[in-house]
A.B. asks: 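Before I ask anything, let me first share the structure, which is written out below as structure tokens.
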Amino acid sequence: MDAVIAEIRAFVFENFLFDADDEKLKNDDSFLEQGIIDSTGVLELVDWIEETYGFTVEDEELVPENLDSVNKLAIYIGKKKG
Amino acid sequence: MCGIAGFFNIRGDNGSIETQELLMRMIAPLKHRGPDGYGFYVGQRAGLAHARLSIIDLEGGWQPIANEDESLWIVFNGEIFNYPELRSELLKKGHRFSTESDTEVILHLYEDKGKDCLHYLNGQFALAIYDCRNHELFVARDRMGIRPFFYIEHHGVFYFASEIKSLFNGVRNFSPQFNYHAITDIFTFWSPVAGDTTFGSVKQLPPGYCMSIGRDGVHDREQYWDIPFSQDRSIMEDQESCFERLHELLVDAVKIRLRADVPVGAYLSGGLDSSTITSIIRNYTNNPLKTFSVAFLDEVYDERNEQRTVASYLKTDHHMVDCSYGNIADIFPDVLWHTETPILRTAPAPLYILSNLVNENNYKVVLTGEGADEIFGGYDIFKEAKIRAFIYRLGNSKLRPLLLKRLYPYLALSPTQSAEYARKFFDTDLDPFGLFYAHQPRWKTTSKTHVFLQKDVLEHTGTAEDRLWGYISPMADMDGFTKAQYLESKLLLGNYLLSSQGDRMGMAHSVEGRYPFLDHRVVEFAGTIPVNLKMKVLNEKYALKKAFADILPGEIVNRKKQPYMAPDILSFFGDKEPEYIGHYLSDQMVKEAGVFKPEPVKRLMKKCRKKGRQGFMENMAFVGILSTQIIYDKFIRNFHIDTSEQFENVRVRAENSS
């Protein structure tokens, strides 16, 4: 799980948080509320998940419960892989 | 069209100024605006310079021009389309003309009416009139901001010019600096606001303004006209006469814009607006019709099929030029030499290529469709605001996601399956009655680019209410739709589209654009059209479509709006990365320019080079950062003008001691 969290954090920092220090992102921060990801950003995120973890994100799974924070993403990815 | 420049000595007589040399330094950088010849006038307290692109009265219309007793001298950039009618009236009143030009008409009208003459002019203009007897300079700019007018007051002298490069080349002992308010405004609102420019101390006269400069400095600065959008009259009894009147006005606006002593062509983008203009030319005149368009090799942006459809329907002699990623990258630094301001999209670049095509075909004038989206409610931003407001009122209804899917038909995908996401992304929770409701999502997304700005630049960021305060009181009584139109007309059209995409890109290749939709009678009439005839449910520019359905192909009338866009990041990283990227975006240059933080810029570059999917913000950030760096290099760090201009073709050299 920790490895996945690290991977997610790296992805978010490299692609959305250009001005980075680690403190800027807590694992429970809502991407929506913080304005970290915009509408095209969600698509980038989905692309990355599918390429990195090798599964398809179904339409009905495209919801904030699954995607909207580092922790939520890690749990969702864990479920799909396992 | 032309370039103008000049100065007025507030302090006193010109004594210590080397006037002729100063004027030559100011006008030399404007050769692209006026390749046909120069003219100079030197008076006791002022000097005027002109670079001409000959369009009306090719033999005689050289400037500066004087009135009968040489008490008034004018330089003018623009066209007055109703000049024949004005000229007749003036002749009847006893005025004597020495040319056949439209320029001279302004001068004699000014003799009679002073600054009220502006109300009689139907056209596009930036002008300066020096009154030798009163020692005053009167300057004015057209209603919508089609022609530019920049000025600076420095050490007791007022300098003005069509482009900022003239001021930098002319004014001695002046070190240009960035205006950080303008930089943060550009990275929020897409353009500087009101009379600001990218550079400190350099101002522009806003559209619809005039002012005088005399012994006591600048005075009587006045807004002689504003866009007359007002409270929505939501009921219009007789729709048919509305469409007829619109038809009549626009046809006349086109006809008078065909007045020239050189051939006049038209741009054909494939969309409704330019198709309408071109169609009017074909159906209401016997003019030979050459049309021009730019096509993209990237299919996502390309509209060549629609362009060909209209060209063949109207049987025009159509010319098209292709634009690749590499083409945009190649010309981008030159484009910025002309825009003189950072830009957040590459959209001006293909228009630079397009005006070159026009020039290669030996045409000097084109009619184009700018303005229709603003005055008739064509933009998606207006539609989105309407949908967002409707969704707000729906609360948690299941209709929300379905409606949201209609929002972006021209983009590949958007994650609107989830109502939750959609609500956040499209800001459907904001109060629809807020002052800037329609624009807030755009500004919110754009402001994300602030992450790249240095702290001392960011300190100059203002709220929308602060920075746009000058627009607030005219907007007070307007309904939401009209507010959005007004703001878009002032900010986007006035301070970006007409300048960076319009005048600068045309003039770069000595091409004059003419805008029938911006005929002030058309704009004024559009102000009276009820909102529900501008956007009928979600059908944009409804009144325009109804007024001209009979002369347009159905597929163009019914076509989904495709906003004009060009590839942004892809232009620089799609095929080949241009070498200059390493130069302009090096750590050293970024630090030296002092606007951006080097580390985030590096991260952005890394992301761009990965060639994955890029977001709205990154595209704007990259183009904005690169263009700011290029502007820094060309205008602040390393400004120089090619001094090879020999001034061989000087057609007017006038001087008098008053």
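So that the names make sense, note that chain A is the first sequence line, chain B the second, and so on, each numbered from 1.
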A.B. asks: Answer whether the closest heavy-atom distance between the side chains of B:E599 and A:F18 falls below 4.5 Å.
C.D. replies: no
A.B. asks: Do B:K606 and A:E14 come close enough that some side-chain heavy atom pair is under 4.5 Å?
C.D. replies: yes
A.B. asks: Between B:E618, B:K448, B:K607, B:R603, which shows the greatest number of heavy-atom pairs under 4.5 Å with chain A?
C.D. replies: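 Top count of heavy-atom pairs under 4.5 Å with chain A: B:K607.
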A.B. asks: Which bit of B:K602 is near chain A, if near means a heavy-atom gap under 4.5 Å: side chain, backbone, both or neither?
C.D. replies: neither
A.B. asks: Given that the side chain runs from C-beta out, which part of B:Q614 has a heavy atom under 4.5 Å from chain A: side chain, backbone, both or neither?
C.D. replies: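 Interface part for B:Q614: backbone (N, CA, C, O).
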A.B. asks: Just wondering, are more than 12 heavy atoms of other shown residues or ligands nearer than 6.0 Å to CD in B:E299?
C.D. replies: no
A.B. asks: Just wondering, more than 12 heavy atoms not from B:Q588 lying within 6.0 Å of its CD?
C.D. replies: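 Result for CD/B:Q588: open.
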A.B. asks: Find out whether A:N15 and B:K610 are in side-chain contact, i.e. whether some heavy atom of one side chain is under 4.5 Å from a heavy atom of the other.
C.D. replies: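 Yes. Closest side-chain heavy atoms under 4.5 Å.
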A.B. asks: Using 0.5 Å steps for rounding, measure from the CE atom of B:M617 to the CD1 atom of A:I37.
C.D. replies: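 If we round to the nearest 0.5 Å, B:M617:CE and A:I37:CD1 are 11.5 Å apart.
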